[in-house]
> 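Before anything else, here's the structure in question.
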Amino acid sequence: MALESVSLASRFDPFPQLIDNVNTVLPRGNGRSYGDSCLNADGTMVNSRPLNRFIDFDPNSGVLIGEAGVLLSEILSLVVPQGWFLPVTPGTRFVTLGGAIANDVHGKNHHISGTFGRYIRQFELLRSDGQRLLCTPQKHENLFAATIGGLGLTGFITWAELQLRRIHSPWINAETIRYTSLAEFFTLCQASDQDYEYTVSWVDCAGTGKRLGRGLFMRGNHAQVDTKLKPYSSKTRTFPFVPPLSLVNSWSLKAFNAAYYHKQFQRQTQQTQHYEPFFYPLDGLLEWNRMYGPRGFFQYQCVVPTQHGKEAVSELLNEIARSGMGSFLAVLKVCGDIDSPGMLSFPLPGVSLALDFPNRGEALHRLFQRLDTIVSAAGGRLYPAKDGRMPGSLFQSGYPRWQEFTHYIDPHFSSSFWRRVMESA
Ligand SMILES: Cc1cc2nc3c(=O)[nH]c(=O)nc-3n(C[C@H](O)[C@H](O)[C@H](O)COP(=O)(O)OP(=O)(O)OC[C@H]3O[C@@H](n4cnc5c(N)ncnc54)[C@H](O)[C@@H]3O)c2cc1C
C-alpha cells in the first residue's frame with residue numbers, strides 16, 4: 001500500500017515536499033481505475049480531489065475550465081441545464097477531469113468522436129521540480145501528448161480546459177436490438193455507425209455453439225427537442241454487504257445471461273431514456289463490486305485491430321465460455337479510426353471487448369494467459385486503466401511509443417503498474 005497520501009489544498013500550492021529522494025509520487029483522482037495504474041505501493045499519492053473548483057464556463061461556446069479534481073458528474077450537473085454535454089464520457093461519471101485525461105478515456109461514441117483527450121485545449125502541469133508548464137497541442141506539445149493517456153506519470157495536472165458539445169435535452173432516443181451472432185453484431189455496427197452517435201453492446205460471454213457471440217446491441221442519439229417527459233430524479237442503491245463468496249459463478253452467470261438476453265419480447269425496442277441510466281447504468285448501484293466477494297475481481301479489456309477483429313473476438317469468447325468464468329458485465333464495442341492524441345492512448349481502429357472476472361486465483365490467470373496469446377497474435381493491446389496483471393511484454397508490444405514516452409516521465413513519479421510492466425524492459 002502507499003505509505004502516505006498528501007493533497008494540494010489549492011492549485012496555487014507548491015509541489016508537496018518529498019519525504020526523501022527515493023520516495024516516488026503518483027497523482028490520485030477518484031480511484032475508479034480497476035488495477036494498479038492508480039496505485040503506488042510504498043510511495044506517496046497526491047490526492048487531487050480537494051482541487052474541485054470550476055474556474056470558468058462560457059455557456060455560449062461550451063468551453064469549461066475546471067480544476068483537475070472536479071468530477072465529471074459535477075460538470076454534468078453544471079452544464080446539462082445550460083444545453084451542454086461531455087464530448088466523450090466513460091461508463092461512470094464518478095471520475096475526475098485529471099483522471100479522464102490521464103487515461104484518455106473513451107466512450108460509446110468513439111467511432112465518431114474519438115477519445116476524451118481530443119477535446120482538451122490546454123492544461124497546467126505541475127512537475128516535481130516546481131515548474132508549472134502550460135501544455136497545449138502547440139506548446140510543450142510532446143508533454144501534452146505524453147500526459148494525455150500518460151497514466152499520471154508526467155506530472156500533476158492542476159487544471160484543464162475542455163470543449164463541451166451542444167445538446168438540446170437531457171434525454172436520449174435509445175434502441176436495443178437483440179442479435180444472434182458476432183456476424184450480426186458487426187453488421188449492426190456498420191449499419192449504425194453513421195446515424196447513431198452512441199453504439200455499444202452487451203455480449204453473452206457464456207454462450208457456446210450457436211449461442212456464441214449473441215447479445216444486445218444498444219444505440220442512441222441525444223433527443224433533438226426537450227421531450228418534457230416527467231422530471232427525472234436520480235436513484236441510487238447500494239450493494240448492501242460483501243458476501244463470503246462471489247455471487248457470480250458459472251451457474252448464476254448462465255442463468256442471468258439467458259434471462260437478460262431474452263429480457264425483451266420483441267427483437268428491437270425503442271425508448272426515450274434520461275442520459276444517466278443510458279450512460280451510467282452501474283452508477284445506479286453503488287459498491288457493486290462487493291458482489292464479487294472478498295477476493296474481488298479482475299477486468300480484462302482488450303482492443304484488436306479491424307483486420308483480425310472478428311476471428312480474435314470469436315476465439316476470445318470461445319475461450320471464456322469454455323472456462324465457465326467471466327461475468328454478465330461484458331461489453332463489445334467497435335472503435336473508430338480517429339487518431340487518439342496521446343502517446344499511450346488505448347483505443348485503436350478495431351473492436352474492444354471488456355469484461356469482469358471474479359478472482360479465481362491460478363485458474364483465472366491461466367485463462368488470462370490464453371486470452372493474451374490471442375490478443376497479441378491479433379496485434380491488439382490491453383487497457384492499463386483496467387489492468388492489474390498484464391505481462392510487461394504485452395504492454396510493450398501493444399504500445400509501440402512506450403520508449404518515446406519514457407522521456408517525458410517526471411523523475412519522481414512512478415506507479416505500481418509502471419514498475420510492473422517495465423520490469424523486463
Ligand atoms: C463502472 C466503470 C466504468 C468505466 N467505463 C469506462 C469506459 O467506458 N471507458 C474508459 O475509458 N474508462 C472507463 N472506466 C475507467 C475510468 O474511466 C478510468 O480509470 C478513469 O481514468 C478513472 O478516473 P479517476 O478520477 O477515478 O482516476 P484514478 O483512477 O484515481 O487515476 C487514474 C489515473 O489518472 C492519474 N491522475 C489522476 N489525477 C491526475 C492529475 N491531477 N494529474 C495527473 N494524473 C492524474 C492517476 O495517476 C492514474 O494514473 C470505467 C470505470 C468504472 C469504475
Side-chain angles (χ1 to χ4, degrees), residues 2 5 7-8 11 15 24-40 43-52 66-75 86 88-110 114-117 120 123-128 135 143 146-160 198 200 279-289 297 299 301 303 329 331 333 335 340 342 344-347 352 354-356 383-388 409-410 413-418:
S5 169
S7 296
L8 296 185
R11 68 180 181 276
F15 194 82
T24 62
V25 294
L26 182 72
R28 180 185 154 92
N30 204 31
R32 287 305 195 268
S33 301
Y34 284 61
D36 54 359
S37 65
C38 65
L39 298 176
N40 188 20
T44 298
M45 301 299 295
V46 186
N47 181 12
S48 72
R49 283 290 286 131
L51 302 188
N52 59 1
E67 290 184 342
V70 167
L71 293 177
L72 298 189
S73 58
E74 293 164 343
I75 295 180
L86 296 165
V88 167
T89 178
T92 173
R93 61 195 188 286
F94 300 134
V95 309
T96 60
L97 185 53
I101 297 171
N103 276 320
D104 195 13
V105 297
H106 59 277
K108 294 179 168 86
N109 60 354
H110 185 269
T115 60
F116 192 81
I120 295 297
F123 55 78
E124 182 186 74
L125 196 65
L126 177 58
R127 303 268 288 183
S128 63
C135 301
L143 205 46
T147 301
I148 292 179
L151 304 170
L153 296 168
T154 60
F156 187 93
I157 301 165
T158 54
W159 59 263
Y198 302 108
V200 73
F279 288 108
Y280 313 115
L282 271 182
D283 288 352
L285 183 62
L286 304 176
E287 315 281 1
W288 53 266
N289 48 306
F297 74 102
Q299 181 161 124
Q301 180 167 6
V303 60
L329 295 172
V331 175
K333 158 88 192 139
C335 296
S340 303
L344 297 186
S345 295
F346 163 70
S352 159
L355 74 164
D356 292 352
Y383 190 12
K386 306 284 186 73
D387 177 70
I409 296 179
D410 185 299
F413 279 47
S414 184
S415 69
S416 299
F417 171 86
W418 192 252

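Indexing begins at 1, ligand by ligand and atom by atom, following the structure's order.
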> Which heavy atom of Lys108 sits nearest a heavy atom of Lys333, and at what distance?
O-NZ, 3.0 Å
> If the plane angle is over 60° it's perpendicular, under 30° parallel, otherwise tilted; pick one for Phe413 and Phe15.
tilted
> With a 4.5 Å cut-off on side-chain heavy atoms, are Leu282 and Thr92 touching?
no
> What are the two closest non-hydrogen atoms of Thr154 and Arg127, and how far apart are they?
O-NH1, 2.6 Å
> Measure up the Phe279 and Tyr198 rings against each other and bin them: parallel (under 30°), tilted (30 to 60°), perpendicular (over 60°).
perpendicular
> Between ligand 1 and the protein, give all atom pairs where both partners are nitrogen or oxygen and the distance is under 3.5 Å, as lines of names plus distance to 0.1 Å.
unit_1: ligand 1; atom_1: 5 (N); unit_2: Gly91; atom_2: N; d: 3.0
unit_1: ligand 1; atom_1: 8 (O); unit_2: Gly91; atom_2: N; d: 3.1
unit_1: ligand 1; atom_1: 9 (N); unit_2: His106; atom_2: O; d: 2.8
unit_1: ligand 1; atom_1: 11 (O); unit_2: His106; atom_2: N; d: 3.1
unit_1: ligand 1; atom_1: 11 (O); unit_2: His106; atom_2: ND1; d: 3.1
unit_1: ligand 1; atom_1: 11 (O); unit_2: Tyr383; atom_2: OH; d: 2.7
unit_1: ligand 1; atom_1: 19 (O); unit_2: Ser33; atom_2: OG; d: 2.8
unit_1: ligand 1; atom_1: 19 (O); unit_2: Asn103; atom_2: ND2; d: 3.4
unit_1: ligand 1; atom_1: 21 (O); unit_2: Gly99; atom_2: O; d: 2.8
unit_1: ligand 1; atom_1: 21 (O); unit_2: Asn103; atom_2: ND2; d: 2.9
unit_1: ligand 1; atom_1: 25 (O); unit_2: Asn30; atom_2: N; d: 3.0
unit_1: ligand 1; atom_1: 25 (O); unit_2: Thr96; atom_2: N; d: 2.8
unit_1: ligand 1; atom_1: 25 (O); unit_2: Thr96; atom_2: OG1; d: 2.7
unit_1: ligand 1; atom_1: 26 (O); unit_2: Asn30; atom_2: N; d: 3.2
unit_1: ligand 1; atom_1: 26 (O); unit_2: Gly31; atom_2: N; d: 3.1
unit_1: ligand 1; atom_1: 26 (O); unit_2: Arg32; atom_2: N; d: 2.7
unit_1: ligand 1; atom_1: 29 (O); unit_2: Arg32; atom_2: N; d: 3.2
unit_1: ligand 1; atom_1: 29 (O); unit_2: Ser33; atom_2: N; d: 3.0
unit_1: ligand 1; atom_1: 29 (O); unit_2: Ser33; atom_2: OG; d: 2.7
unit_1: ligand 1; atom_1: 30 (O); unit_2: Gly29; atom_2: N; d: 2.8
unit_1: ligand 1; atom_1: 30 (O); unit_2: Asn30; atom_2: N; d: 3.4
unit_1: ligand 1; atom_1: 30 (O); unit_2: Gly31; atom_2: N; d: 2.8
unit_1: ligand 1; atom_1: 41 (N); unit_2: Ile157; atom_2: O; d: 3.0
unit_1: ligand 1; atom_1: 42 (N); unit_2: Ile157; atom_2: N; d: 2.9
unit_1: ligand 1; atom_1: 47 (O); unit_2: Pro27; atom_2: O; d: 2.6
unit_1: ligand 1; atom_1: 49 (O); unit_2: Ser37; atom_2: O; d: 3.2
unit_1: ligand 1; atom_1: 49 (O); unit_2: Leu151; atom_2: O; d: 2.9

> Taking Asp410 for its side chain and Ser128 for its backbone only, find out whether a donor-acceptor pair lies under 3.5 Å.
yes
